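The structure appears right after this line, and notes come after that.
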Amino acid sequence: MLQKHKKYLQVALNSTLADAERIIRTLPASDRIIMEAGTPLIKSFGYNAISKIRQVWSYSNSFSRLEPYVVADLKTMDRGETEAKIAWEAGAGGAIVLGLAPLETLNAFIGACEKFKIDSMVDMMNVEQPIKILRKLKKPPNVVILHRGVDEETFNKTKPIPYLQINKIRATTQTLIAIAGGDTLREVQRAIFNDADIVVVWKDFYSSSLQTGALAAEFLKEIK
């Protein structure tokens with residue numbers, strides 16, 4: 001499970017399994033890199049995408065003996081316990097439920113993740129006041145994701161990345177906080193400056209290039 005004293009880079013893989021494998025093999029070995037089986041990848045290839053990413057990431061890190069960590073971006077809206085169990089069975093170290101889901105689903109999902117010893121992550125995309133959701137939960141999740149969605153960024157250029165929510169959440173709970181929706185070096189720097197624990201990136205990791213590994217290493221230098 002994730003540790004509170006570390007800062008992480010979460011690489012979301014959203015293309016194909018072949019692209020995912022090529023990208024993973026270019027990344028530097030680091031216990032601060034989280035691999036994410038993105039929603040499009042899971043929808044295209046099923047839960048096998050989770051186990052495949054874990055297998056490749058494990059092999060890529062075999063010489064450093066690092067334990068592979070994969071997040072399953074399920075975007076769960078119902079059947080919280082069932083979907084958390086499926087992610088666990090596929091080898092995920094963490095799984096994502098939407099903050100817009102019913103409270104019953106959120107509580108079931110978080111409880112199931114605790115039972116299976118994987119990290120529960122609540123994605124607050126399109127939730128105006130995440131703190132109101134967190135206060136209603138039976139238990140806080142391990143991670144809160146503050147998220148500007150891809151379509152929001154594309155079609156609403158004025159939509160900000162929700163950095164301002166970080167301090168409000170910090171005042172209420174000790175959960176880890178992830179920022180998603182910014183992929184440039186400057187946005188990564190801003191996320192860390194605003195005290196995020198995890199920075200989620202995907203655009204430059206949609207397909208592999210000669211610069212992929214170097215870019216991940218550069219991001220890691222900023223995330224400290």
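Predicted model only: the values in this text are computed from it and were never measured. One-based numbering along the sequence shown.
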Next item on the list: Any ring pair (Phe, Tyr, Trp, His ring centres under 6.0 Å) involving residues 92-117? Give me the pairs, sequence neighbours left out, ordered by first then second residue.
Entry: W88-F116
Margin query: K4: which residues meet the side chain to side chain contact (heavy atoms under 4.5 Å, CB included) condition with it, sequence neighbours left out?
Written below: Q174, L176
Next item on the list: Say whether, by atom type as modelled, one donor and one acceptor occur between the side chain of N107 and the main chain of L103 under 3.5 angstrom.
Entry: yes
Notebook entry, point to check: What pairs meet the ring pair (Phe, Tyr, Trp, His ring centres under 6.0 Å) rule with one or both residues in residues 171-201, with sequence neighbours excluded?
Noted result: none
Next item on the list: Could you tell me which non-hydrogen atom of A196 sits nearest to which non-hydrogen atom of I179, and how far apart they are?
Entry: CB-CG1, 3.7 Å
Next item on the list: Answer yes or no: is there a side-chain heavy-atom contact under 4.5 Å between V201 and D183?
Entry: yes
Checklist line | Non-neighbouring partners of K43 that pass salt bridge (charged side-chain N to carboxylate O under 4.0 Å, His left out), sequence neighbours left out | finding: none
Checklist line | ring pair (Phe, Tyr, Trp, His ring centres under 6.0 Å) pairs, two or more places apart, involving residues 26-53 | finding: none
Item checked: V11 reachable from V188 in the ILVMFWY side-chain graph, under 4.5 Å edges -> yes
Next item on the list: Can you sort out the partners of Q3 under side chain to side chain contact (heavy atoms under 4.5 Å, CB included), two or more places apart, ordered by chain and number?
Entry: H5, K6, Y8
Next item on the list: Taking all heavy atoms of I169 and all of I131, pick out the closest pair and write down the distance.
Entry: CA-CD1, 4.1 Å
Throw together a table of side-chain donor-acceptor distances under 3.5 angstrom for residues 141-150, partners on residues two or more places apart or in other chains.
from	atom 1	to	atom 2	distance (Å)
N142	OD1	S120	N	2.9
N142	OD1	S120	OG	3.2
H147	ND1	D123	OD1	3.2
H147	ND1	D123	OD2	2.9
R148	NE	G181	O	3.3
R148	NH1	K159	O	3.1
R148	NH2	G181	O	2.6

Note to self: Going by side chain to side chain contact (heavy atoms under 4.5 Å, CB included), name the residues that satisfy it together with D204, two or more places apart in sequence or in a different chain.
What the structure shows: L215
Note to self: Just verifying a value: how many Å separate K85 NZ and K115 NZ, rounded to the nearest 0.5 Å?
What the structure shows: 7.0 Å
Item checked: side-chain hydrogen bond (donor to acceptor under 3.5 Å, both in side chains) contacts touching residues 213-224 (sequence neighbours left out) -> Q189-E222
Notebook entry, point to check: Considering residues at least two apart in sequence or located in another chain, which fulfil the salt bridge (charged side-chain N to carboxylate O under 4.0 Å, His left out) criterion with K7?
Noted result: D195, D197
Would you be so kind as to tabulate the donor-acceptor pairs closer than 3.5 Å made by side chains of residues 22-30, with sequence neighbours excluded?
from	atom 1	to	atom 2	distance (Å)
R22	NH2	D19	OD1	2.7
R25	NE	E21	OE2	3.3
R25	NH2	E21	OE2	2.9
T26	OG1	I23	O	2.7
S30	OG	R32	N	3.0

Notebook entry, point to check: Backbone N or O of G91 within a donor-acceptor pair of the S51 side chain at under 3.5 Å?
Noted result: no
Notebook entry, point to check: Sequence neighbours excluded, which residues qualify as salt bridge (charged side-chain N to carboxylate O under 4.0 Å, His left out) partners of E128?
Noted result: none
